[in-house]
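Following: one structure in C-alpha cells, then a few remarks.
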Amino acid sequence: MKLSMLALALCLAVISQGTWASPFYCRNVLVYTGDTMRQVYDKCGEPYQRDSRVEYRRTILNWVPSREAILQDRGIAYLPGVGYVYDQPINIDEWVYNFGPSSFMQFLHFVNGQLTDIKDLGYGN
C-alpha cells in the first residue's frame, strides 16, 4: 500500500512539474518535440525571432585515443582521476513564433537540429 501511494505521489509530482512539452498547432498542423528544424520550418514558416549558438558538453571517453587522434583533435584531453575527455560541440537553436494578439507565442528549443522543448510565452502582438 505504501509503495503504491509513493508511486502515485511521484507520478503526480512529475505531471505537475510540466515535464513534457505539449505540441502546438501551426497552420493547422501539429508541431511535436522530436521534429527537425526543417520539419518545423515547413509547417510554420519563418520564425519571428531566431538565436543560434554552440555550447560544449564534456564527454568522458570509454576508450583510450591514439596519439594521432589527440594531436589532430585538440578537444581530447586527459584529466587525472577522470580519464580522457572530449568537449563535444552542440548546436543550440532557439526560435520564437508570434501568431498575433489572440494566440500564445511559442518558444522552441532545438539541440543539433532536433526540437527538444516547447514553451508558451504568453500572447503575441
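Put simply, the side chain of Leu121 does not reach to within 4.5 Å of the side chain of Gln106, judged on heavy atoms. Between Ile60 and Tyr84, the closest side-chain pair of non-hydrogen atoms is not below 4.5 Å. By the 4.5 Å heavy-atom criterion applied to side chains, Glu94 and Phe107 are counted as neighbours. Looking only at side-chain heavy atoms (C-beta outward), Val111 and Asn91 stay at 4.5 Å or farther from each other.
Atom OH of residue Tyr97 and atom NZ of residue Lys43 lie 11.0 Å apart, to the nearest 0.5 angstrom. Note that the CD1 atom of Ile90 and the CD atom of Glu55 stand 8.5 Å from one another [nearest 0.5 Å]. Put simply, CG on Leu108 and OG1 on Thr116 are 9.5 Å apart, with the number rounded to the nearest 0.5 Å. Summarising the geometry, atom OG1 belonging to Thr33 is positioned 12.0 Å from atom NE2 belonging to His109; distances are rounded to the nearest 0.5 Å.
Judged by distance alone, with hydrogens and angles left aside, the side-chain atoms of Asn98 form a donor-acceptor pair with the main-chain N or O of Gly100 at under 3.5 Å. When atom types are taken as modelled, the side chain of Gln39 and the backbone of Thr36 share a donor-acceptor pair closer than 3.5 angstrom.
Of the candidates Asp93, Asp35, Ile118, Val40 forms a side chain to side chain contact (heavy atoms under 4.5 Å, CB included) with just one, namely Asp35.
Taking the six-membered ring for Trp and the full ring otherwise, Phe104 and Phe99 have centroids separated by 6.0 Å or more.
Minimum interatomic distance between Pro101 and Tyr123 (heavy atoms only, all atoms of both residues): O-CD2, 3.4 Å. Nearest heavy-atom pair across Phe110 and Met37 is CD2-CG, 3.3 Å.
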- request: Evaluate side chain to side chain contact (heavy atoms under 4.5 Å, CB included) for Glu46 paired with Tyr41, printing each intermediate quantity in order.
  value: CA-CA 6 Å; Glu46 186 67 29; Tyr41 187 87; 3.3 Å; yes
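No continuous path of ILVMFWY side-chain contacts below 4.5 Å connects Val82 to Tyr86, so the two sit in separate hydrophobic clusters.
Among residues two or more places apart in sequence or in another chain, the ring-ring contact (aromatic ring centres under 6.0 Å, His included) test is passed with Tyr56 by none.
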N/O donor-acceptor pairs under 3.5 Å from side chains in residues 24-32, not counting sequence neighbours:
residue: Arg27; atom: NH2; partner: Cys44; partner atom: O; Å: 3.3

